[in-house]
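First up is the structure itself, then whatever we jot down about it.
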Amino acid sequence: MAVANNNIPVIDLPAWEVLQPNPAASAAGVCMVNDKRGTNRYIYLLISAASFWRYDTYANTYQQLANPPGGTVGVGTALIFDPSQGTAGRIWALISNGTVAPTWQYYDVATNTWTSRSITNLPATFGTDAALSHTCSTYNAAGNDDYIYLIGNSATVFYRYSISGNSWIATLTAVTAAPGAGCALLWTPGWNTDRIVCIRGSATATIYYYSILNNNWTAITYVPATETFTTGSMVAQKGMTSDEIFIQKDATLRIFRLDLTDGTLVPVATEFLIATSTAIVGDRFLYVKETNGIEFLYLGLHTSVNFLRTALFF
């Protein structure tokens with residue numbers, strides 16, 4: 001049954017709800033992922049190669065799942081959900097810590113199994129931070145369902161993986177400037193099906209978009225561009241039909257909404273209920289749309305077991 005959001009601006013302010021604590025404190029590279037539409041029941045949490053979980057948004061509980069086949073979780077680890085593969089979707093995982101060779105694999109939701117895939121053409125080590133994006137045709141029919149994109153490693157190299165070919169290329173047009181700590185990569189069909197948005201991170205305010213058709217990068221002008229994004233900054237999309245994305249800024253726990261169409265950046269919430277600790281890389285910021293239609297932002301705090309959510313009031 002749909003529920004109307006009757007919150008009144010100024011009178012009703014964003015309120016945070018404390019959820020079941022994570023099974024272990026977050027450290028560098030620990031990350032969460034869910035279906036980008038926000039309508040799937042589960043959120044998945046990768047803590048280490050021996051600790052992979054799913055959080056049930058209905059029951060507020062965690063359940064441990066099969067371990068990935070290897071890798072060391074640290075700086076350079078990233079996840080992406082892929083609803084078009086398998087019977088219940090897959091989770092693709094780049095597991096890396098910047099000092100040993102990265103691993104690349106997918107988790108099959110229906111079978112609770114992992115499968116290792118090729119890392120050929122990826123660098124010998126991948127660190128600093130990482131971000132993945134998938135142009136999934138389930139999200140939008142215009143997407144090339146075969147491709148997954150990767151940025152990070154404090155390098156301008158832009159990687160693309162072919163699911164069908166189990167192969168990486170590093171020959172796309174390089175990012176204008178190197179994405180580093182706090183970077184993000186988002187296919188934005190709600191704004192433009194040809195564009196993948198890149199938040200550079202690295203203590204800059206720089207945001208670009210990549211044109212899939214033209215294989216080039218363009219800077220995004222937005223106002224005000226006074227905030228910089230660095231270690232601890234995390235990004236969530238408002239579903240896959242909206243032109244809005246949310247940015248959680250580093251250890252300040254301030255949350256902004258970026259409207260890609262009109263180019264405005266406005267604050268929407270600040271998490272002040274529980275103090276966070278040292279900012280770390282690893283995306284633990286998600287959009288969820290419950291069955292009643294109410295929208296939430298879920299947030300895993302830095303260097304902490306604390307997990308919270310707040311309703312989107314406007």
Side-chain angles (χ1 to χ4, degrees), residues 29 31 33 36 46 68-82 84-85 90-107 115-137 139 143-189 193-202 204 206-218 235 237 281-283:
C31 47
V33 72
K36 290 287 187 181
L46 178 65
T72 303
V73 171
V75 295
T77 296
L79 305 175
I80 192 74
F81 191 88
D82 180 0
S84 66
Q85 301 291 318
R90 291 177 181 171
I91 297 166
W92 294 88
L94 179 75
I95 301 180
S96 183
N97 73 345
T99 59
V100 298
T103 63
W104 175 241
Q105 52 264 304
Y106 69 79
Y107 172 78
T115 301
S116 296
R117 307 305 282 162
S118 174
I119 58 168
T120 300
N121 292 327
L122 290 183
T125 59
F126 201 101
T128 306
D129 204 354
L132 295 163
S133 186
H134 176 38
T135 52
C136 180
S137 62
Y139 293 148
N144 185 324
D145 203 48
D146 192 39
Y147 292 150
I148 298 172
Y149 297 84
L150 168 67
I151 60 168
N153 202 33
S154 289
T156 60
V157 184
F158 188 38
Y159 301 90
R160 189 182 71 196
Y161 176 76
S162 166
I163 296 172
S164 63
N166 185 27
S167 58
W168 290 93
I169 63 170
T171 54
L172 299 175
T173 299
V175 185
T176 307
C183 66
L185 193 65
L186 308 158
W187 184 48
T188 54
T193 57
D194 179 53
R195 295 176 180 178
I196 300 174
V197 171
C198 167
I199 297 175
R200 184 189 167 204
S202 296
T204 74
T206 307
I207 303 179
Y208 307 106
Y209 74 78
Y210 172 76
S211 168
I212 300 169
L213 179 63
N214 297 316
N215 187 28
N216 61 18
W217 293 90
T218 301
V235 177
Q237 290 178 256
V281 297
D283 205 344

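Bear in mind that the values here come from a model prediction, so they are computed numbers and not experimental data.
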### Message
With rounding to the nearest 0.5 angstrom, report the CG to OG distance, Leu186 to Ser133.
### Response
6.5 Å
### Message
Using every non-hydrogen atom in the two residues, find where Ser211 and Asn214 come nearest and quote the distance to one decimal.
### Response
OG-N, 3.1 Å
### Query
What pairs with Ser154 under side chain to side chain donor-acceptor pair (under 3.5 Å), at least two apart in sequence or on another chain?
Thr128
### Summary
Taking every heavy atom of Pro179 against every heavy atom of Cys198, the minimum-distance pair comes out as CG-SG, 4.3 Å
### Query
Would you call Asp82 and Ile163 a side-chain contact if the rule is heavy atoms closer than 4.5 Å?
yes
### Message
How long is the straight-line distance from CD1 of Ile199 back to CD1 of Ile207, given to the nearest 0.5 Å?
### Response
4.5 Å
### Query
So Tyr139 and Lys36, side-chain contact (heavy atoms from CB on, under 4.5 Å) or not? Walk me through it.
CA-CA 8 Å; Tyr139 293 148; Lys36 290 287 187 181; 3.4 Å; yes
### Task
Considering non-hydrogen atoms only, spot the tightest contact between Thr135 and Trp187 and give its length.
CA-CE3, 3.6 Å
## Note on the structure
Smallest heavy-atom separation, Ile148 atom then Trp104 atom, equals CD1-CZ2, 4.0 Å
### Task
State, to 0.1 Å, how close Ile212 and Thr193 come at their nearest heavy-atom pair, and which atoms those are.
CD1-O, 4.0 Å
### Query
Taking Trp217 for the side chain and Ala174 for the main chain, is one N or O donor matched with an acceptor at less than 3.5 Å?
yes
### Message
Could you tell me if the side chain of Asn121 sits less than 4.5 Å from the side chain of Tyr159, heavy atoms only?
### Response
no
### Query
For the side chain of Ser96 and the backbone of Phe126, is there at least one donor-acceptor N/O pair under 3.5 Å apart?
yes
### Query
Is a side-chain N or O of Asn153 found less than 3.5 angstrom from the main chain of Ala155, in a donor-acceptor match?
no
#### Entry: Side-chain (Gln105) to main-chain (Ala93) donor-acceptor, under 3.5 angstrom
yes
## Note on the structure
The reported gap from CG in Leu79 to OH in Tyr107 (rounded to nearest 0.5 angstrom) is 12.5 Å
### Query
Mind checking whether Phe158 and Tyr149 have ring centres under 6.0 Å apart?
yes
### Message
I'd like to know if the side chain of Asp129 and the backbone of Gly182 have a donor-acceptor N/O pair within less than 3.5 Å.
### Response
yes
### Task
State the CG-OG1 distance between Leu46 and Thr77, to the nearest 0.5 angstrom.
6.5 Å
### Query
Any donor-acceptor pair under 3.5 Å linking the side chain of Asn97 with the backbone of Val73?
no
Under 3.5 Å, side-chain donor or acceptor atoms of residues 165-173 against the rest of the protein: list the pairs with distances, not counting sequence neighbours.
{"from": "Asn166", "atom 1": "OD1", "to": "Ser118", "atom 2": "N", "distance (Å)": "3.0"}
{"from": "Asn166", "atom 1": "OD1", "to": "Tyr161", "atom 2": "OH", "distance (Å)": "2.7"}
{"from": "Trp168", "atom 1": "NE1", "to": "Ser118", "atom 2": "O", "distance (Å)": "3.0"}
{"from": "Thr173", "atom 1": "OG1", "to": "Asn215", "atom 2": "O", "distance (Å)": "2.6"}
{"from": "Thr173", "atom 1": "OG1", "to": "Asn215", "atom 2": "OD1", "distance (Å)": "3.3"}
{"from": "Thr173", "atom 1": "OG1", "to": "Asn215", "atom 2": "ND2", "distance (Å)": "3.2"}

### Heavy-atom check, side chain of Arg117 versus side chain of Tyr106, under 4.5 Å
yes
### Query
Do Leu185 and Leu150 touch side chain to side chain, with heavy atoms closer than 4.5 Å?
no
### Spacing of CD1 belonging to Ile151 relative to CZ belonging to Arg200, to within rounding of 0.5 Å
10.5 Å
### Query
Once you round to the nearest 0.5 Å, how far does NE2 of His134 lie from CG of Asp145?
4.5 Å
### Task
Report the residues that fulfil side chain to side chain donor-acceptor pair (under 3.5 Å) with Asn216, sequence neighbours left out, ordered by chain and then residue number.
none
### Query
Is the backbone of Cys31 close enough, under 3.5 Å, to the side chain of Asp283 for a donor and an acceptor to pair up by distance?
no
## Note on the structure
For Pro102 and Ala124, the nearest pair of non-hydrogen atoms, with its separation, is CD-O, 3.5 Å
